[in-house]
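First up is the structure itself, then whatever we jot down about it.
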Amino acid sequence: MRPAGLLLTALFGTALAVPTSVDHEIADLAKRDLNINKFLDAILKAIKGEVLVNDACSEIGAGEILLGKAFNIQPDANSNGCADVTIVFARGTCDPGNVGVLVGPPFFQAVAAALPGKSVNVQGVAYPASVDGYLNADSAAGKTMAQIVRDTRKACPNTKIVTSGYSQGGFAVHYAADELGGDMASHVSAAVIFGDPMSHKPVANIDANNVHIVCHSGDNICDQGALILPQHLTYAVDAVSSANWLTLKV
């Protein structure tokens with residue numbers, strides 16, 4: 001088992017697979033003699049294991065930026081032209097860029113790997129992703145996501161659109177579905193949410209069979225709580241399985 005896998009085992013008490021989509025990044029770091037287990041352990045220690053949402057920016061933001069630099073993960077994604085599949089993604093609270101580091105990029109890589117021969121575009125949703133936005137379940141990002149969906153459908157009528165989000169970004173997926181109304185079913189092929197604070201509510205205006213919500217046991221954010229635990233920071237382990245599910249929808 002890789003060091004990262006050992007760390008996740010320590011966190012959850014069971015082995016969790018590290019996504020194969022980031023295997024090459026882990027290998028590159030290993031060649032540079034960086035101990036992955038110690039690095040990730042340092043990140044988790046830096047956020048104390050339990051963080052109030054109010055402290056997310058100061059406690060998690062800096063660690064996520066360091067992780068992105070170490071793994072050469074770009075926190076921004078802007079769609080360029082038309083592709084077979086377009087993922088519209090909303091990042092979590094205080095995540096850098098427009099797609100973050102912890103969940104979006106591993107998921108995008110896994111989707112591309114799971115769809116050989118198909119092109120994949122990603123468009124991040126530009127919104128503040130602030131603490132207040134989470135605490136107030138702000139719907140503004142949902143309206144922005146809905147407009148991106150409409151614009152994408154108009155510019156690229158043949159692309160399969162996937163709405164997706166992590167943490168606070170889950171609000172965006174739900175509210176975008178409300179905003180799109182009847183257009184949701186005709187415009188969006190699937191919705192994928194990680195650590196969804198509205199996990200107990202259906203995504204409106206789309207067949208439930210086309211919705212994939214991933215919530216780890218004990219993740220307080222999935223109950224729209226205010227406590228960030230390690231379970232909420234490790235959804236990259238679900239990137240490959242979520243990508244495999246998505247292949248049946250696009």
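Note that the coordinates shown come from a computational prediction; the quantities given were computed from them, not determined experimentally.
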For residues T159 and T86, is any side-chain donor paired with an opposing acceptor at under 3.5 Å? yes

Separation between CG (D178) and NZ (K143), nearest 0.5 Å, reads 11.0 Å

Modelled atom types, side-chain donor and acceptor of Y235 and D219, under 3.5 Å: yes

When rounded to the nearest 0.5 angstrom, what distance separates CD1 in I161 from OG in S186? 9.5 Å

Whether over 12 other heavy atoms sit under 6.0 Å from K249 NZ: yes

Between F171 and Y134, is the ring centre distance below 6.0 Å? yes

First locate atom CG of N121, then atom NZ of K160, and finally report the distance between them rounded to the nearest 0.5 Å. 15.5 Å

Crowded around N136 CG? As in, over 12 foreign heavy atoms under 6.0 Å? yes

All heavy atoms of T247 vs all of N244, minimum pair found to be OG1-O, 2.6 Å

Are the side chain of R91 and the backbone of G97 linked by a donor-acceptor contact shorter than 3.5 Å? yes

Within the distance-only criterion (no hydrogens, no angle test), does the side chain of D196 pair as donor or acceptor with the backbone N or O of C215 below 3.5 angstrom? no

Any link between V214 and I228 through a network of hydrophobic side chains (Ile, Leu, Val, Met, Phe, Trp, Tyr) touching at under 4.5 Å? yes

Are I213 and W245 linked, directly or through intermediate hydrophobic residues, by side-chain heavy-atom contacts shorter than 4.5 Å (ILVMFWY only)? no

Which is it for N54 and L135 under the side chain to side chain contact (heavy atoms under 4.5 Å, CB included) test, yes or no, and what are the steps along the way? CA-CA 9 Å; N54 282 323; L135 294 176; 3.4 Å; yes

Taking a hydrophobic cluster as the set of Ile, Leu, Val, Met, Phe, Trp and Tyr residues connected by side-chain heavy atoms closer than 4.5 Å, whether directly or through intermediates, do V203 and I87 fall within one such cluster? no

Starting from M198, can I reach V125 by hopping between I/L/V/M/F/W/Y residues whose side chains sit under 4.5 Å apart? no

Whether S164 side chain and V192 backbone form a donor-acceptor pair below 3.5 Å: yes

If you group Ile, Leu, Val, Met, Phe, Trp and Tyr by side-chain heavy-atom gaps below 4.5 Å, do Y175 and V88 land in one group? no

Check for a donor-acceptor pair, side chain of S130 on one end and backbone N or O of G133 on the other, with a separation under 3.5 Å. yes

Roughly how far apart are I193 CD1 and T163 OG1, rounded to 0.5 Å? 7.0 Å

Separation of M145 CE from L180 CG (nearest 0.5 Å): 10.0 Å

Take V162 and V250 through the test side chain to side chain contact (heavy atoms under 4.5 Å, CB included) and record every step on the way to the result. CA-CA 8 Å; V162 179; V250 297; 3.9 Å; yes

R153 versus N158, closest heavy-atom pair with distance: NH1-N, 4.2 Å

Please check if the side chain of S79 supplies one atom and the backbone of Q123 the other of a donor-acceptor pair under 3.5 Å. no

Side-chain donor or acceptor of N220 paired with backbone N/O of A226 under 3.5 Å: yes

Nearest heavy-atom pair of H212 and S242: which atoms, and what distance? NE2-OG, 3.3 Å

I'd like to check P202 versus V211 (side-chain heavy atoms, cut-off strictly below 4.5 Å). Are they in contact? no

Main-chain N/O of H174 paired with K201 side-chain donor or acceptor, under 3.5 Å: no

Testing the basics here: between E179 and A146, what is the closest heavy-atom pair and its distance to 0.1 Å? CG-CB, 3.6 Å

Residues A90 and Y127: closest non-hydrogen pair is CB-CE2, 4.2 Å

Applying side chain to side chain contact (heavy atoms under 4.5 Å, CB included) to T93 and V131, what does each step give before you reach the verdict? CA-CA 6 Å; T93 304; V131 170; 4.1 Å; yes

Measuring from atom OG of S167 to atom CG of L102, what distance do you get when rounded to the nearest 0.5 angstrom? 10.0 Å

From the list N205, D207, N210, side chain to side chain contact (heavy atoms under 4.5 Å, CB included) partner of M184 resolves to N205

So F194 and F107, would you call those rings parallel, tilted or perpendicular, with 30° and 60° as cut-offs? perpendicular

Over all atoms of both residues, closest heavy-atom pair of H216 and D238: NE2-OD2, 2.6 Å

